[in-house]
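Report on the following structure.
Here the structure is a predicted model, which is why all the values come from computation and not from measurement.
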Amino acid sequence: MRPAARCFASGCLRLPLLGRPLGGTRALAALRLILSACHASVIPNQLALSFAEDAYDDTDRLKHPADIEALKALVRQLIEISQRMM
């Protein structure tokens, strides 16, 4: 394995926001602002899972009904926005 690939595989090179509470959410908020300024279509809502590593069962499905409903609502919103764009 090449040295650069080894660094990624071992996890020694990570983005500063990973592994920090709300880091990803803050980064997404900034990205949403940038994309909106570029006139990109951005879905108004987002789904943030607390303790995402524990949010899934053994079959990789969301465990908690509230998370499932939030994801369904987000997908419905994506579909509605996509249909308006056609």
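- The salt bridge (charged side-chain N to carboxylate O under 4.0 Å, His left out) analysis of residues 70-86, with sequence neighbours excluded, yields the pairs Glu69-Lys72.
- Smallest separation of non-hydrogen atoms from Leu62 and Ile68: O-CD1, 3.5 Å.
- One hydrophobic cluster, built from ILVMFWY side chains closer than 4.5 Å, cannot hold both Ile43 and Ile34; they sit in different ones.
- Minimum interatomic distance between Asn45 and Arg32 (heavy atoms only, all atoms of both residues): N-NH2, 3.7 Å.
- Atom CD of Gln77 and atom CG of Leu47 lie 11.5 Å apart (nearest 0.5 Å).
- Residues Leu31 and Val42 fall within the same hydrophobic cluster, defined by Ile, Leu, Val, Met, Phe, Trp and Tyr side chains chained together at heavy-atom separations under 4.5 Å.
- Side-chain atoms of Leu35 and Ser41, non-hydrogen and from C-beta on, never get closer than 4.5 Å to each other.
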